[in-house]
Amino acid sequence: MDRFDLIVVGGGQAGCSAALAAARQGLKVLLAEATGSLGGSATMALVNPYMPFKTRIYKGGDCRVLWLSDGIFREIHEALNEDAIYGFSGEGGKFHEETMKVLFDRKMAEAGVTVLFHATLCGVERDGRALKSVSFATVGGIYTFAADTYVDATGDATLTAMADSPYQLGRTSDSLCQPMTLCFRMINVDVEKLDHSAIDDLYQQYQAEGKIKNPREDVLIFKTRIENMLHFNTTRIVKLNPTDPFDRSRAEAEAREQVVELVNFLKENFEAFKNADLVMTAPEIGVRESRMIEARHVLTQEELKDAVKFDDAIAAGNYDIDIHSPDGSGTSHYYFPAGVYYTIPYRSLLPKDLDNLLVAGRCIGATHEAQASVRIMPICSCTGEAAGIAAAIAKEDGVSVADADAQKIRTRLREVGAFVGE
């Protein structure tokens, strides 16, 4: 059985950042990913663009831009915007998914991370408060690996759940999660004739007449960095459990039917889409929320709104508390004023009952409401980087990550360019 200093399960933004951060500190790292590429929701669910990751600080008559998601996230973001891989450049938060795949491949190779694709977590060995090994189903059979420390970056807290560590599913009242969404893209759109208001008006009329089954209240469209191609983040699958394999399978099929409905609606009613074609749906449905671990500190909506600066803060953010109704239509928002940001404590990455497991990404310890803000990819990258640095500090000091010195972690994060609060 191969042994590593750190095993990261899940190769999304959080897992990639954790693996890179730890390997750059000298750890022997295995990064296991269930699909054939890195990037997670960005590459497999076509979640694009990055949601806001900066704020403006006003003081006197001066204004400065503050990167709340810095460090490895900024490195990746800037590399995507200055792409020389395929000759495509990004724009703001937009990026090219194919560029991201190759970029992460190259970063892992440079850092010495062992990457295992098409590796589905299928077994966890636990002994008391410690994980002893993890197993993956691969094309070559079942492979088992051991490590000093593990990072659950699966998004769904799958490793945590398989280790029988407690978690909360969705909101406390009924365990319903934010809706799942299958993103899709249309090409050959006459974007000069695009009229968002007219689309929403007719869409809502058709909903009232029963011609549109999608419960979302409007049609969410983004322009892309490719001319005449539009990105849609607008299907909505409600009241299905993302962690139930049968529900998730049903969600994929139902979402594709919603794509059919929307594409035909647009082509039949709007000149901008007269010659448009559906070019792709995402390889898999996007999941906003599922399990959140029972951490040593569960982050709350009140702490976000109060802009709490924790002593053990390892990441920060001020993306709005963006809750797509788990029941059907409607999306609620709480927007943070410019210059106001909250922090995320290291304790929110630590399960209550395991000492050598860290959790990063959208499944950290948070309530349904708080998770609605911390779930975005830039913040996931930052909690991942913090997990990787924590594993390195624990290794250096000969302790578990549960006993790692949070102040040393914060200092090291600052040294490598991350932002942990001013």
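The structure displayed is predicted, hence computed values, not measured ones. The residues of the chain are indexed from 1 along the displayed sequence.
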A.B. asks: Among side-chain atoms of E209 and Q205, is any donor-acceptor pair under 3.5 angstrom?
C.D. replies: yes

A.B. asks: Please find the pair of heavy atoms, one from T181 and one from R288, that lie closest to each other, and give the distance.
C.D. replies: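 Reported closest heavy-atom pair: OG1-NH1, 2.9 Å.
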
A.B. asks: Can Q13 and Y50 be counted as having a side-chain donor-acceptor contact under 3.5 angstrom?
C.D. replies: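 A pair is found: one side chain offers a donor N or O, the other an acceptor, under 3.5 Å apart.
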
A.B. asks: Donor-acceptor check, side chain of Q207 to backbone of R216, threshold 3.5 angstrom: yes or no?
C.D. replies: yes

A.B. asks: For residues L38 and K101, report the shortest heavy-atom separation together with the two atoms involved.
C.D. replies: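 Taking L38 first and K101 second, the nearest heavy atoms are O-CG, 4.0 Å.
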
A.B. asks: List the steps, then state whether side-chain hydrogen bond (donor to acceptor under 3.5 Å, both in side chains) holds for R412 with Q25.
C.D. replies: CA-CA 10 Å; R412 187 71 55 85; Q25 296 292 314; 2.7 Å; yes

A.B. asks: Please confirm whether K309 makes a cation-pi placement over Y341, using NZ or CZ under 6.0 Å from the six-membered ring centre and within 45° of the ring normal.
C.D. replies: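 Yes, a cation-pi geometry holds between K309 and Y341.
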
A.B. asks: I'd like to know whether L262 forms a side chain to side chain contact (heavy atoms under 4.5 Å, CB included) with T235, so could you lay out the CA-CA distance, the side-chain angles of the two residues, the decisive distance to 0.1 Å, and finally the verdict.
C.D. replies: CA-CA 9 Å; L262 285 160; T235 63; 4.2 Å; yes

A.B. asks: Okay, side chain of T343, backbone of A307: is any donor-acceptor separation there less than 3.5 Å?
C.D. replies: no

A.B. asks: Applying the side chain to side chain contact (heavy atoms under 4.5 Å, CB included) criterion to F232, which one of L266, L46, L182, T281 satisfies it?
C.D. replies: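 Checked L266, L46, L182, T281 against F232; only one passes side chain to side chain contact (heavy atoms under 4.5 Å, CB included): L266.
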
A.B. asks: Is there a donor-acceptor pair under 3.5 Å between the side chain of D200 and the backbone N or O of V219?
C.D. replies: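 Checked: pair present.
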
A.B. asks: Side-chain contact test, heavy atoms from C-beta onward, threshold under 4.5 Å: evaluate it for T383 versus I344 and give yes or no.
C.D. replies: yes

A.B. asks: So, taking the atom named CD in E385 and the one named CG in D70, what distance separates them when rounded to the nearest 0.5 Å?
C.D. replies: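 The distance works out to 8.5 Å.
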
A.B. asks: Count the heavy atoms belonging to other residues, nucleotides or ligands that lie under 6.0 Å from OH of Y143, then report whether that count exceeds 12.
C.D. replies: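 No, the 6.0 Å shell around OH holds no more than 12 heavy atoms from other groups.
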
A.B. asks: Tell me whether N318 contacts the main-chain N or O of V340 through its side chain, where contact means a donor paired with an acceptor under 3.5 Å.
C.D. replies: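 Yes.
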
A.B. asks: Report the distance from atom NE2 of H324 to atom SG of C177, rounding to the nearest 0.5 Å.
C.D. replies: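 That separation rounds to 13.5 Å.
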
A.B. asks: Is D244 salt-bridged to R250, going by a charged N under 4.0 Å from an acidic O?
C.D. replies: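 Looking at D244 and R250, the cut-off is not met.
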
A.B. asks: What verdict does the salt bridge (Lys or Arg N to Asp or Glu O under 4.0 Å) test give for R375 and D322, after you've listed the backbone C-alpha separation in whole Å, the side-chain angles of each residue and the deciding distance to 0.1 Å?
C.D. replies: CA-CA 10 Å; R375 64 185 170 83; D322 172 23; 3.1 Å; yes

A.B. asks: In terms of side-chain geometry, is the basic nitrogen of E422 or R64 positioned less than 4.0 Å from the acidic oxygen of its partner?
C.D. replies: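 Salt bridge present between E422 and R64.
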
A.B. asks: Where do I323 and A372 come nearest, in terms of heavy atoms and distance?
C.D. replies: CG1-CB, 3.5 Å

A.B. asks: Ignoring hydrogens and angles, write down the donor-acceptor pairs under 3.5 Å from the side chains of residues 104-124, residues two or more places apart or on other chains.
C.D. replies:
from : atom 1 : to  : atom 2 : distance (Å)
K107 : NZ     : E75 : OE2    : 2.8

A.B. asks: Looking at CE of M180 and CG of N241, how far apart are the two atoms once the value is rounded to the nearest 0.5 Å?
C.D. replies: 7.5 Å

A.B. asks: Using side chain to side chain contact (heavy atoms under 4.5 Å, CB included), reason through K213 and E261 one step at a time and then give a plain yes or no.
C.D. replies: CA-CA 8 Å; K213 296 185 178 68; E261 178 182 79; 3.5 Å; yes

A.B. asks: Check whether H96 reaches the backbone of E98 with its side chain - one donor and one acceptor, N or O, closer than 3.5 Å.
C.D. replies: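 Pair found, side chain donor or acceptor close to backbone of E98.
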
A.B. asks: Using a strict 4.0 Å threshold on nitrogen-to-oxygen distance, state whether E217 and R236 make a salt bridge.
C.D. replies: yes

A.B. asks: Examine H297 together with F310 and report whether their ring centres are nearer than 6.0 Å.
C.D. replies: yes

A.B. asks: If you measure from OG1 on T43 to CE on M100, what distance do you get to the nearest 0.5 Å?
C.D. replies: 7.0 Å

A.B. asks: Taking the side chain as every heavy atom from C-beta outward, state whether P351 and E294 have any pair of such atoms under 4.5 Å apart.
C.D. replies: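 No, every pair of side-chain atoms sits at 4.5 Å or beyond.
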
A.B. asks: Ignoring hydrogens and geometry, is there a side-chain-to-backbone donor-acceptor pair from N356 to L131 under 3.5 Å?
C.D. replies: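 Side chain of N356 to backbone of L131: a pair is present.
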
A.B. asks: Please answer whether the main-chain N or O of L66 pairs with a side-chain N or O of R56 as donor and acceptor at a distance below 3.5 Å.
C.D. replies: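 The answer is no, because no donor-acceptor pair under 3.5 Å joins these two groups.
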
A.B. asks: Any chance you could lay out the side-chain hydrogen bond (donor to acceptor under 3.5 Å, both in side chains) test for S165 and D353, step after step, and finish with the verdict?
C.D. replies: CA-CA 7 Å; S165 185; D353 63 340; 2.6 Å; yes

A.B. asks: Tell me if the CD atom of E192 is crowded by more than 12 foreign heavy atoms within 6.0 Å.
C.D. replies: no

A.B. asks: What's the spacing between L169 CG and S175 OG if we round to 0.5 Å?
C.D. replies: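 It is 5.0 Å, given to the nearest 0.5 Å.
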
A.B. asks: Give me the atom names and distance for the closest heavy-atom approach of L31 to G10.
C.D. replies: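 That closest heavy-atom pairing would be CD1-O, 3.5 Å.
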
A.B. asks: Cation-pi between K305 and Y334: NZ/CZ under 6.0 Å from ring centre and within 45° of the ring axis?
C.D. replies: yes

A.B. asks: Residues two or more places apart in sequence or in another chain: which of them pass ring pair (Phe, Tyr, Trp, His ring centres under 6.0 Å) with H77?
C.D. replies: F53, W67, F73

A.B. asks: If you round to the nearest 0.5 Å, how far is OG1 of T35 from CD of E284?
C.D. replies: 7.0 Å

A.B. asks: Report yes or no: does E303 contribute a side-chain atom to a donor-acceptor pair with the main-chain N or O of T300 at less than 3.5 Å?
C.D. replies: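 Pair found, side chain donor or acceptor close to backbone of T300.
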
A.B. asks: Over 60° means perpendicular and under 30° means parallel, so classify the ring planes of F265 and Y203, tilted if in between.
C.D. replies: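 Taking F265 first and then Y203, their aromatic rings stand perpendicular (interplane angle over 60°).
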
A.B. asks: Salt bridge check, D195 against K193: does any charged N sit closer than 4.0 Å to a carboxylate O?
C.D. replies: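 The answer is no: the pair does not qualify as a salt bridge.
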
A.B. asks: Mark yes or no for whether S373, through its side chain, and A370, through its backbone, hold a donor-acceptor pair below 3.5 Å.
C.D. replies: no

A.B. asks: When you look at CG of D311, are more than 12 heavy atoms from neighbouring residues, nucleotides or ligands closer to it than 6.0 Å?
C.D. replies: no

A.B. asks: Ignoring hydrogens and angles, state whether a donor on the side chain of D152 or T160 is under 3.5 Å from an acceptor on the partner side chain.
C.D. replies: yes

A.B. asks: Counting neighbours of CZ on R414 that are heavy atoms of other residues, nucleotides or ligands and sit closer than 6.0 Å, is the number greater than 12?
C.D. replies: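 Check passes, neighbour count above 12.
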
A.B. asks: Does I199 reach the side chain of I221, with side-chain heavy atoms less than 4.5 Å apart?
C.D. replies: yes

A.B. asks: Is the Lys NZ or Arg CZ of K28 less than 6.0 Å from the centre of F4's six-membered ring, within 45° of the axis?
C.D. replies: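 Yes, a cation-pi geometry.
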
A.B. asks: Identify the two heavy atoms, one from I379 and one from V374, that lie closest to each other, and give their separation to 0.1 Å.
C.D. replies: CG2-O, 3.5 Å

A.B. asks: Kindly determine whether V189 and F273 satisfy side chain to side chain contact (heavy atoms under 4.5 Å, CB included), including the steps that lead there.
C.D. replies: CA-CA 5 Å; V189 180; F273 293 90; 3.9 Å; yes

A.B. asks: Check the pair I314 / L413 against side chain to side chain contact (heavy atoms under 4.5 Å, CB included), numbers first and verdict last.
C.D. replies: CA-CA 8 Å; I314 45 77; L413 282 166; 3.9 Å; yes

A.B. asks: Does NZ in K223 sit with more than 12 non-hydrogen atoms of other residues, nucleotides or ligands closer than 6.0 Å?
C.D. replies: no

A.B. asks: Would you call R362-D156 a salt bridge at under 4.0 Å N-O?
C.D. replies: yes

A.B. asks: Check for a donor-acceptor pair, side chain of E289 on one end and backbone N or O of Q178 on the other, with a separation under 3.5 Å.
C.D. replies: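 Yes; judged by distance alone, with no hydrogens or angles, the pair exists.
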
A.B. asks: So, are R347 and D312 salt-bridged, with charged N and O less than 4.0 Å apart?
C.D. replies: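 Here R347 pairs with D312 in a salt bridge, since their nearest N and O are under 4.0 Å apart.
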
A.B. asks: Taking 4.0 angstrom as the limit, do R185 and E97 come out as a salt bridge?
C.D. replies: yes

A.B. asks: Side chains of D306 and Y342: is there a donor and an acceptor less than 3.5 Å apart?
C.D. replies: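 The criterion, which ignores hydrogens and geometry beyond distance, is not satisfied for Y342 and D306.
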
A.B. asks: When you check the gap from the basic side-chain N to the acidic O, do E252 and R248 get nearer than 4.0 Å?
C.D. replies: no

A.B. asks: Any donor-acceptor pair under 3.5 Å linking the side-chain atoms of S381 with those of S17?
C.D. replies: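 Their side chains do contain a donor-acceptor pair, which is all the 3.5 Å distance test asks for.
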
